[in-house]
Structures are given as C-alpha cells and as structure tokens.
Amino acid sequence: MKLVTARIRPDRLEPVHAALMEIGISNLTATEVKGFGPEVDHAEIHRGAQYQVAFMPMVKIESVVTDDLVAQVVATIREASTTGQADRSHIWVSGVLSEETGEAKP
Amino acid sequence: MKLVTARIRPDRLEPVHAALMEIGISNLTATEVKGFGPEVDHAEIHRGAQYQVAFMPMVKIESVVTDDLVAQVVATIREASTTGQADRSHIWVSGVLSEETGEAKP
Amino acid sequence: MKLVTARIRPDRLEPVHAALMEIGISNLTATEVKGFGPEVDHAEIHRGAQYQVAFMPMVKIESVVTDDLVAQVVATIREASTTGQADRSHIWVSGVLSEETGEAKP
Amino acid sequence: MNSGDTAWILVATALVFFMTLPGLAMFYAGLVRSNSVLSVVMHCVAVAALASLLWLFVGYSLAFDDSVGGMIGGVGKAFFSGITTDRLSGSIPEIVFAIFQMTFVIITPALIVGAYVERIKFSGVVILSSAWVLLVYAPIAHWVWGGGWLGDLGVMDFAGGIVVHTSAGVAALVTAAFLGRRSGFPDQLQPPHNPGLTAMGAGMLWVGWFGFNGGSQLAADGGAGMAIAVTHIAAASAALVWSAIEWIKFGKPSLVGAVTGVIAGLATVTPTSGFVGPVGGLILGAAAGAVCFFAVDVVKKKLKIDDSLDVFAVHGVGGILGTLLVAVLAIHALDGGGVLVESGTVGSQLGVQAIGVVAAVAWSAGFTFLILKVTAVLTGGLRVDEEAELVGLDLTAHGERGYDL
Amino acid sequence: MNSGDTAWILVATALVFFMTLPGLAMFYAGLVRSNSVLSVVMHCVAVAALASLLWLFVGYSLAFDDSVGGMIGGVGKAFFSGITTDRLSGSIPEIVFAIFQMTFVIITPALIVGAYVERIKFSGVVILSSAWVLLVYAPIAHWVWGGGWLGDLGVMDFAGGIVVHTSAGVAALVTAAFLGRRSGFPDQLQPPHNPGLTAMGAGMLWVGWFGFNGGSQLAADGGAGMAIAVTHIAAASAALVWSAIEWIKFGKPSLVGAVTGVIAGLATVTPTSGFVGPVGGLILGAAAGAVCFFAVDVVKKKLKIDDSLDVFAVHGVGGILGTLLVAVLAIHALDGGGVLVESGTVGSQLGVQAIGVVAAVAWSAGFTFLILKVTAVLTGGLRVDEEAELVGLDLTAHGERGYDL
Amino acid sequence: MNSGDTAWILVATALVFFMTLPGLAMFYAGLVRSNSVLSVVMHCVAVAALASLLWLFVGYSLAFDDSVGGMIGGVGKAFFSGITTDRLSGSIPEIVFAIFQMTFVIITPALIVGAYVERIKFSGVVILSSAWVLLVYAPIAHWVWGGGWLGDLGVMDFAGGIVVHTSAGVAALVTAAFLGRRSGFPDQLQPPHNPGLTAMGAGMLWVGWFGFNGGSQLAADGGAGMAIAVTHIAAASAALVWSAIEWIKFGKPSLVGAVTGVIAGLATVTPTSGFVGPVGGLILGAAAGAVCFFAVDVVKKKLKIDDSLDVFAVHGVGGILGTLLVAVLAIHALDGGGVLVESGTVGSQLGVQAIGVVAAVAWSAGFTFLILKVTAVLTGGLRVDEEAELVGLDLTAHGERGYDL
Ligand SMILES: Nc1ncnc2c1ncn2[C@@H]1O[C@H](COP(=O)(O)OP(=O)(O)O)[C@@H](O)[C@H]1O
Ligand SMILES: Nc1ncnc2c1ncn2[C@@H]1O[C@H](COP(=O)(O)OP(=O)(O)O)[C@@H](O)[C@H]1O
Ligand SMILES: Nc1ncnc2c1ncn2[C@@H]1O[C@H](COP(=O)(O)OP(=O)(O)O)[C@@H](O)[C@H]1O
C-alpha cells in the first residue's frame, strides 16, 4: 500500500476526481490548504496598503492505493491537474504500513 | 514511532477523542476534509437544477504514537468511530522516522 | 526525500515561512487544523453554560525536502515557531518514496 | 386619516417584518451547528410565508372581527373582506393596521423555531406552525387586543408580552419537551457556530423592535417616542446586567450573552413600553437581565429540557415578567405618559395581569401539546432519524450545505 | 406639501436603496463561488455609485423632464437644475421624488449583475452599466412614467414591471448570451457557496420591496398599505408554491429555492401591486412561483444560456407575467382599490400591456446588444481570461480574498 | 405637533441606531483578523448600551439643558426629567428629539472602536467609552447644538462634522498612539478577514446615513430630501474617486477601498449636507475620496500610528474637511436651499468653522489623553498581553470563537 499525496489547484479537483474514477480509484480525501511557493507573489491591497501574500489556496488530495497502481495514479493526477498554464501541482508518494477500512470490520 | 491517520465522520470526532484520552493518547490533530468515495452520492438542488455532489465532509485525525500502541490506537479509533449505520471510517498507519515535540527543547 | 510535518501555532506561520525562505526552502503547504492536547483546556461560555473545548486552532505545515536538509529544516521550524511562552509545536519526519513536481513534466 | 400616523405604521410594518427576516433568522442561525444553519433560516422563511397567508385567509378575522362571546372573532373579515383602501381604523387605514398586525403573527411562531432546531422534520414545522397560528395565536390576540374577554377585564399588554412572548415561550417549552433532547445535550453540544451572525441578527431585532413597540402606539406622537425610548433603555440595561453577571461568574462576558441580554430586555419591556417612562425601562431591563439569565440555567439544568435556543427562558419568562411588572411600574408614571394604573389599584391590576398570563400559558400549553400529538401522527414522528440529526438538517432535509468557502 | 406623505417617501427611498446595498449584493454574493464573492459585491457598489451620478447629471432629466415627442425627456433638469427644496411634485417635494426614483435606477442595472458573474472584466461592468442607464433605463422610464408614449397609451405599470424587471431581465439574457457560459456550465458548476447569505439578502429585498411598491403610491395612505399587503402576500405565496414544486419534484424543498420564489413573487407583483387586492396578490404569487420555476429550466436547459443567477427567468419572466396579468386581475378589484380596468376593456388593456412589454423587450435587447458590442471593443474583450476565471475574480480583478477565517 | 415630521424622526432614530448595530459592527468586524471578530462586535454592543444609559442619566441634560455659560448644559433634564410625551421641541415631541440625539451619542464612541481593535482590554473599553461620552461628547454637542458658545459664534455643523466625526477621529488617533501598534504593524499584518462583511456593513451605514443627515433637518420636508440627495451623491462620488485612485495606482480597485471611499464621502458631507445642493455633494465627495485616501497613507507611513481601521484618516480628516468646506460651498447654493453663507462673508465663516474644528480637536485630544491615562491605571495597563493578542481577543477576552464552520 502506498499513500499518494498531491497538491493541486482548487479548480482541478473536479477533473482529477473524475479521471481517478475512470481508472477505478473512487476513494480520495481532499483538504483545502495554503500553498506557499516561489511562483506565488500577488499582492492584496487594502486601504492604500499592499499586503504581499505568499500563498495560494490549493487542494491537497490523498489516496491510499495498492503498490501496482501507484504509477498509474500519479500519472493520472498529473495529467488531469495540468492546465494550459504554469502547473503548480506537486505529487509525492510515501509508504503505508497497514490499512483498514470500515468495510473490513464485522 | 508511527503515524496513525484516520478519516472519520465529523460527528465521531468527539467520541474518538474521548476514547483515545481514555487509553492515554491525549495528542491528536484533526483536519476538516472532503471525503470522496463510492458510497457518497447525494444531490444538491438549486434553482431547479440538481448538482451531484461526490463528497462528504469528513474529519481526518492524525496521531504520532509509539510502535507498541499502534494496534490499540487503531482498534480504539475503529470502535469509537463506528455508528449503527454504514461506517465510513478508514484508517492507515505509516512510518515516522523521527519526532520532536516542543517540550524537548531547552 | 523526506516529508517534514510540523504543527505550529497559527500566528507562527508567517515567521516560520520567512525563516524557511531564508534557508532556501520556498515550498510549503499549510493546513488549518485543530490541535488536541493535554495543555488545551479553555472553556467557552454560552448562555450561562460552559463548554469545555479540548482543542486549539493550529496550523500544520508540510514540506518535502531532500535528506540532507532535514535536520536544518526541523531546527529552523522549531526555532521560528517558538515563542516566549509554552511552545506547542510538534514536528515529525517521515519517508517519501518518490516525488514529482509540475515543473518536471514536458 | 392622518398621513403622519399612517407613514409611521407603514414603516413600523417594515421594521417588524425585518425582525423576522432576516433578523431572527440570522440570530437563530448563528446559534446552531454549521450543518443545520440553513434549516433554521428555512424554518423562518416557511413560517413567515404560511403565517402571512393564514392571516389573510381567516386569522385576521378571527383575531379582530366582531367578538363571538369574547372568545374569538367572526369570519366576516376573512380574505380581508371589506377592508378597502379608504376604510379607517382609528387615524390610519384598516389595511395598514391589518398588515402591521400581520407582522406580529409572523414573528410569533418564528420565535418557537428556536425550540426545535437540529432535529425536527420540515413537514412537522409546516403543520405545527400553521395550526398554532390559528388555534393559539389568533384566539389569544383576540382576547387581549381584538375585543375579547382579557381586554374587557382590563389586562394591560402594550405590544405583546402575553400575546407574543408568553404564548410563544410556553409553546417552545412544550415543543422542546415533547420532541426530546438533541443527542449530546447538555454536555456534549457544540458551541454556536457563528456568534457574530447572532449578534448581527440581534442588532436587527433591536432596531426592528422600535417598530414593534413604537408602532403599537398606532400614531406618530410622543407616546410612540416614549415607547421607543423605554424599549431601548431596557435593552441596553439588560445587556449590561447579563454581561456583568457573566463577568463575575465566569470571568469573561461573552458576546452571545450580551445579545441574549438585549433580547431578554426587549421581550420583557414589550408589554410595558407604552405605560412607563425611561426609568421604568431601566428597571425592567435590569430585572430581565438577571431573571432570564437564571431562567436559562433552570430550564437546562433543573428541568433538563432542551429548549435549544432558550426561547422559554428569554421570551416566555421575559414576557411574563414584564406583564406582571406593568401593574407595579405603571403607577409611578416614571415621567412617562399614557394610561396609568391608579396607585390604589396595584393589587387588583396585578391580579388581572396574572389572569392574563395564566390564561395564555394554559391555552398555549394545552393546544400546543394537542397540535404536537396530531402533527406527530401526520408526519410519522416529528423527529428526524439519528443519522440525519448527526449529518445535519441542511443536507438531509433541504439538500444544501451552509458554507462552501 | 404633506409632511406625512413626504416622511413615507423619504423612508421608501431608504428602503429601496437598502434593496441594492446590502440586499441584492448579499443575495447575489451567496449564490456564486467563494472566490468571486467580493467581485459581485463590488459590481453592485460600483453600479450603484455610477447610476446615482448619471441620474443627477442627466438621467432624471431624460426620464422626467418635459417630453420630446413622447420618446425622451429634455435636459432642463440636468444636475437637478431648478429642483429647489420648496418645489413640489404632487404632495411631496420634487427632490424627494427625484431621489426616490434614483433608487430605482440604482437597482435596475444592479439586477443585471446576476447575468455576468464570475467571468466579466470590471471595466466592462463600468462601461456597460453606465451606458445602459442612459440608453435603456432612462428612455423606458420616460415612456411609462415620465409623460411618454406608453403612459399616454394607458399602459399600467405600478412600480416597474416593465421599467425595471422586464428591461433588466432582457438585458441580462442578452448579456449572458453575448458573454458565453462559465466553464463548467451546466453540469460541473459549484453550488452556491453561502445560501444563508442569499437568504438574508432575500429577506432584505423583501422588506425593501415594501418601499418599492408601497412608495410607488407616492402617499402614506390606504393605497400604499394595500400595495404592501398585496406585495407581501404575493411573495409568501410564490415562496410556498416554489417550495412545493421542489418538494414534489426532488423530495426536498431547498432554501435557495424558497427565497428565489420570494423574489419571483415580488418581481411579478410589482407592476400590479397598486391595482389589485390581496387575493390578486395571492394569484400572482402562485403564478410567479410556478412559471418562474419552469422558466429557470427553459433558460438553462433549452436555451442553454448561462444567465448565471437566473435574472431573466425570475425578473424578466416575472415582470412580463405581472404586466400582462394586470389587465385581467385589476377588473376583479379583489377588494383592492385604485385605478381599475373596466371589465369590458380587458382585451384592449391586455393589448396595451403587451405593447408595453414588446417595446421594452425590443428596446432593451437591441440597445443592450449594441452597448455590449461597443464595450467589448473598448475593453479588448468583455471576458477575463480562463486562468482568471478559474482563480476567481476576487483575487484577479480586485486583489482581495473573500474569506480568511 | 406635526405627525409627519414626528414619523420621519422616529424612523431616522431607527436608521441611525441601525448604523451602529449592526452596521458599524459589521463594517469593523470584517476588517479585523478572524480571531478578534467577536471582540469588535462586543465593543460596539457594549458602547451602545453604555452610551444609551449615560445619555439618559445625565448626558442629554449636559448637552441640551439650559447652558451654563455656553460651556455645558445643566442637570435639569437628568433622567429625562420633565420630558413628558406631550412636551414639544419644535414640531416634534421632545422625547423624539432626545432619542434621535441618543443614536448620535451611541455611534460616536463606537467609531473610536476602530482605533484599538485586537489589543485592548475589554474593561478599558468600558471605562474609556463611558468617560468619553460625558467628558468629550456631551460638552462638544452642547457647544455646537445645545445653545453653547460655538453655536452662538455661528459655526455651521448640520449633522455632526465637528460633534461626531472630528471629535471621534481625533480621539481615535490619540488612543491608537497611546496604546501602541499591533504586533506586525505595518508590514506583517493580516488582510481583512471578511471584506464582504465590511461591504455589507458599509451598505447599512450608507442607508442609515439617510436618517443621520436627513433626520438632522428635524422635519419631513424638501430640506430633508435635499440633505439625503446631497449625502448620497457625496458617497457615490467619493467611492468612485477612491476606486479610480486605486485602479491607477495599484492596477486594481478593491472592494474595501470602494466602501472606505463611501464612508469617507459620508463623513465629509455630514456637516454640510443641509447647506448645499447636489453639486456641492459631488464636489465634497470627490474631495473626500482623494484627501482621505492620502490621509490613510500619512497616518500609517508618516505618523506610523496604528489607527487600525483608519478612524482618523476617514472620519477625522473627512469631518474636518467637510466642516471647513461648508464656508466655501454654501455660498454657491448649488441649487440647494436652507441657510446660506453670504458671499461677502466666506472668509469670516471659514474662520468660525476653523475655530470650531480647533476647539473640538483640542478638547477631544486633551480629554481623551487624560481619560486614557486614568483608565490605564484603573485597568492595570490598557493592553492585553502579547499571548492574548496573538491568540486573539475572542477567545481570551470573551471565551468564544468567531467561526466553527
Ligand atoms: N485509499 C483511500 N484513500 C482515501 N480514502 C479512502 C481510501 N479508501 C477508502 N477511503 C475512504 O474510506 C471509506 C471506506 O473505504 P473503502 O472501504 O475502501 O470503500 P469501498 O469499499 O466502499 O470502495 C470511504 O469513504 C472512502 O472514501
Ligand atoms: N502524537 C502526536 N500527534 C499529534 N499531535 C501531537 C502528538 N504529540 C504531541 N502533539 C501535540 O504537540 C504538542 C506538544 O506535544 P507533547 O509534547 O507530546 O505533549 P505533552 O508533553 O504535553 O503530552 C501538543 O499540543 C500536542 O497536542
Ligand atoms: N517540498 C515541497 N513541499 C510542499 N510543496 C511543494 C514542495 N515543493 C514544491 N511544492 C509546491 O509545488 C509547486 C511546484 O513546486 P516546485 O516545482 O518544487 O517549485 P519551483 O520549481 O518553483 O521551486 C509549488 O507551488 C510549490 O509550492
């Protein structure tokens, strides 16, 4: 089992979810996060003062998948989260020692 | 050290926290997340249009625990997060290489 | 690659981010979480009733960094998240099997 | 017809309607969990719409048409029959009086919403509120204001201490007891999800109450001005007393507490506002802040009834308190004006006020219980199932979610 | 001068302005995604400010100065020239009439905001709204209310079914079609981000509408009271009908649905409110609830136009419906009062009403399209780029974020 | 007694109170961090309640009872003594005048809240505001409106440019300087947590200001209508100017900027609204938008004072600006009406206005400083500790949390 984590743009959540559904991955946890990064540097203006805002609202998705599916899942997320413009998605994979789902219990 | 992660129903947070307290696990991080999954398929209606909504608000809890406690923690979470009805909790365990808490520093 | 995760006080996010920038870590994901812990025990009062509230709003930060930077990153976070008073930051490191960023793709 | 008086009552009509939507809806919405916030607003909207139509159909007539034995009005004014634009009621057109009164019949069942949040079926709200308007509100309004027996007896209720607050408060208590407690009551409840929203609703209620009490003078004159002054002072004084108690007792005065004090003061001064001066308002407000504060505790901890948003403790207790205190406070005149109680008659006036309270309590409790029984049968149980209660009414009853930020 | 009438119209002015800010702004803000919530509010603020100044500069004069051939007013009242404080218009000072009318010219282009949310350039909003006020609103207001040809023809439009709702609704449809659909329309849209906010805005619109329709009587009398009664009943009845349809069709009545019904009822009753009685309001409301409900579907699914917040289906269809039904409903009198249609003349009155509708539809559609063409050139394309649409207008157009909770 | 005038002032009373609760509370609440949102609302509620009672106790009397040497009123009207319902003040009952004025004493110290958000002790707010009402507001109100020396001198202040905005603005600046900066000022501050809430509050303030300025005419006539027209035009014009400056300077006009412009325009037009015509309003609004915009910068970047929500730059500067411009703008008449300055006397009137401003600035600054000194002793330091400031005042001072969504 592996945990695939990806940080994507909020508007890509819907297409990524749809793409994952198509390859049979229906389970997914999404969290609203703030992404800090070098490419983020817009300013907010209030009352004549500019606030440098270093982050963008992003969505983090997590899915625990079996080892054989990892490559396909990563590729699917990457593709579905890519827009015409600068892509800010970021994906990493980590190990899971054990998993159990609600279904498993009596 | 292991990281135990569980996704539970929002209303189970309180009982899960209480149950963990009882076995001596007082530290816990909870995050509001969106759970996507096959069993989620309700519709939202607005102005005559139905929106299929594929996710449910869930809570993700994380706790870093010593190895010997993992099994007990997982069992406690599973039990306290189970309701009479379809259970949607999902628990996984992953490795932690090192940990340090605020208390440790001078 | 390692994933460094830290739970810090919300008001420390800005200094931690600044400190990490200085050591060249510009990428960071921040999530608003609820931290439960033994040191949290304030009460909310409503209409003559007190509600014991077991959690504090905290921020979880995550950064995937190369192995050689882990120690420095952890130290930086610890330092920048420390206030004069009781520190509630909590940091752990876990392994990352693979990573890819948006930049990598064609 | 006096165009100044008419202008004022037209505006007062808008102000009192504003109290329910969005005022009360916001006040209540902020106090519940975030997964049932929309259901509370929906209850207020539905109750407002239903009460308005029922008032047109027959409610106004039952309350204000010629009395049938002092108990109820006739049906001669059903569908506002005969209320043409040039027909007067005092110095204003009767249609203006009829819609001003309509805003009272809107807010009264809407107040009860606070008793049954987070666990009632929407169909139950529809049936309960409709029946209640006709079987409880209309008769009591008739008794007090429409030429009925309580008015004949000399009961003093300037703007609805009996008709609105006592009757709604008691109905709330009965409904909450009938429905049972929310899961988690009383220790594991979640705190109000948005106290700021509650405070904004309270601000709107406070402003709207100027129309509620000042409009009840039915003229734009010094009496209306004095009623507003008294009302405002009572609200301010109750807020400060409530906050002071919290500050002493818990070390921190809360916003929810302060604005609950405001509402308690306003409910308490309602029956009295046209009969006393500003110092009377001061006393009433202070009494309201203290008495309602402790009433909240009694209902929750002694009676163990989950009257979720404290409708009885605030409106019921406040309304009764103010109704009884009229007899005492009105004699002093306290620099106010209007109809005053002769000092020799305090005792007998107090008796009359008590009769009014008892009658309203008994009628409201009895009929509310009866309506609940029937409604429970019609809806196959008034409560939603446990799963729906946990997930929240927004999604399960209305297919919507409160916040997608 | 009648001080009571003046007091009422001063207040009605405040009430109608309240409809736009914060009423309509909140109503619309709750319906969009959370990353464009501020842009919608900003549109309403900017449109209100622009329309106010243009009204002062020349708009009022074009609408209400002496008619030039029944088509448009002169420029003699530009900059409110000659409108001193003691100049009367009927029983009230003309300056009071002028500012009451100003609140109408504020809300009309603000209604159109609902058509172009989440994808228009702010510069486009500025140019489009300004031109529209002068080229569409002012002439149509003149035709109907300012001594123009439609008024001469005998068209009945009490408070703006033609002038406000039909003209804005049609402009919204044309604008939405011109601008194109939001990405994701119609299947992948996000639901309203804050339905509670929408409901609170609806409550404010409802209250404010008492001034809109009641103020259009221009006097504090039984006619104003009746207009408010009729207005309120229509809103309540439309809300219940809309909710009932949803309950039957989807199994759940939604809050957004109920308050959309409220607005549909209010828009529909607007042209009629001074001519019928409460039962007329009841009928209009029920018609509005049903017809507008299905109109929403037709626009979205048949026409496939992304009139995002259903401005045409609610205001346009409602306004037209009400304008036509006047001819039928006003004969019954329905216990109301005021100017009534003689029963023998229903057919001809219906014809006149239809002419009014057709003229407003044609003029508004034609000039809105023309304005859009020119605006698109001036702004280098009316739409923001795809990236900005996805990120949201708050950050990209205004450098702000809606919520930092 | 004129019932039309009375009706209008009753409503204006409601409108001005609405400005503070919920208007100003929402406006300010949206501008702070989400962990201190409730504290700001609580400040407004507490200040409103305290000021109301103090006004009753002795404030009204100090301001409006017979003058003691032109400096202060007597105590003959303490507890509204002698103000029976039939006692007149001009064409309206005196009680109506007293409560209309009460709404002014509520909003003035509430404006100061914006200076000390996120770091003051609640006990400090209570003491500071109470003392300020009696020691600063009541005397200045007496000087200008209550028969005092400034009024005798011929100072023109229609609705409170000196009494309300100058006095509050200066007090805010002094308080902010005394209290010190928030941690993070000026570079590391968080942006407003909910600009939409701020805009909604601004909308309510805008509507309420119709009562503030229009009500100050104390009659329902063309003068009231003109005051509202002028007020509205100034708000619109200031909003557009502020937005235009931002658009040019930063490339993006913000919502917070636009509505700050609205408030700047309204504050600036306040002293002038009854003396000029609509074109005067246009000019005042434009001046307000530009001057206050740059004043914000000066306070933040030159003076480096953390007047957190820009009370001085918007209200103080705006109030002073408008007070001085009266002397110039009122001569043109600009199609307005009322009391006008003879063209030969502009210079001397300007002198009188300047005396009024200087007197209010000096008195307010001096006594505010004195009160702060004493309050700091009584509260053991006005500021909360650093930890509480970081965690936020909601939890630490009131035991509540703003949002649990
Ligand atoms: N790999 C996963 N990652 C995230 N959430 C998951 C994962 N697997 C399951 N879940 C969630 O846990 C719950 C139960 O999961 P599971 O038993 O795998 O679902 P099912 O058997 O219905 O396919 C579901 O709500 C699902 O959304
Ligand atoms: N295993 C854990 N998982 C999540 N959060 C933790 C964990 N351990 C500690 N924390 C959090 O980090 C902070 C300090 O933790 P720790 O030093 O373990 O607490 P203590 O020594 O007070 O028991 C606390 O706020 C706690 O909530
Ligand atoms: N180690 C990381 N942890 C969290 N987020 C990251 C990390 N690395 C990159 N990101 C995020 O993913 C996006 C692309 O990252 P990356 O390609 O590493 O950035 P860059 O090449 O611009 O330095 C950025 O938005 C960044 O914020």
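All chains are named by letter (A, B, ...) in the order of the sequence lines, taking the proteins before the strands, and each is independently numbered beginning at 1. All values reported here derive from a predicted model rather than from experimental measurement.
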Beyond-backbone contact of C/Lys60 with B/Glu62, side-chain heavy atoms, under 4.5 angstrom: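 Yes, side chains in contact.
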
Atom of C/Arg7, atom of B/Leu28 and distance for their closest heavy-atom approach: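 Closest heavy-atom pair between C/Arg7 and B/Leu28: NH1-O, 3.0 Å.
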
Set out, in order, the CA-CA distance, both residues' side-chain angles and the distance that settles side chain to side chain contact (heavy atoms under 4.5 Å, CB included) for C/His90 and B/Val64, then state yes or no. CA-CA 10 Å; C/His90 180 235; B/Val64 176; 4.2 Å; yes

My understanding is that only one of B/Ile25, B/Leu13, B/Asn27 makes a side-chain contact (heavy atoms from CB on, under 4.5 Å) with C/Phe36; could you say which?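 Going through B/Ile25, B/Leu13, B/Asn27 one by one, the side-chain contact (heavy atoms from CB on, under 4.5 Å) with C/Phe36 is satisfied by B/Leu13 alone.
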
Using a cut-off of under 4.5 Å on heavy-atom pairs, state which of C/Ala6, C/Gly95, C/Ser94 scores highest against chain B.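 Ranked by contacts with chain B, first place is C/Ser94.
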
B/Thr29 OG1 to C/Lys34 NZ distance, which is reported to the nearest 0.5 Å: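 Nearest 0.5 Å value for the OG1-NZ distance: 12.5 Å.
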
Quick one: CD on B/Glu32 to CD on C/Glu32, what's the gap to the nearest 0.5 Å? 9.0 Å

Just wondering, are more than 12 heavy atoms of other shown residues or ligands nearer than 6.0 Å to CE in C/Met1?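 More than 12 within 6.0 Å, yes.
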
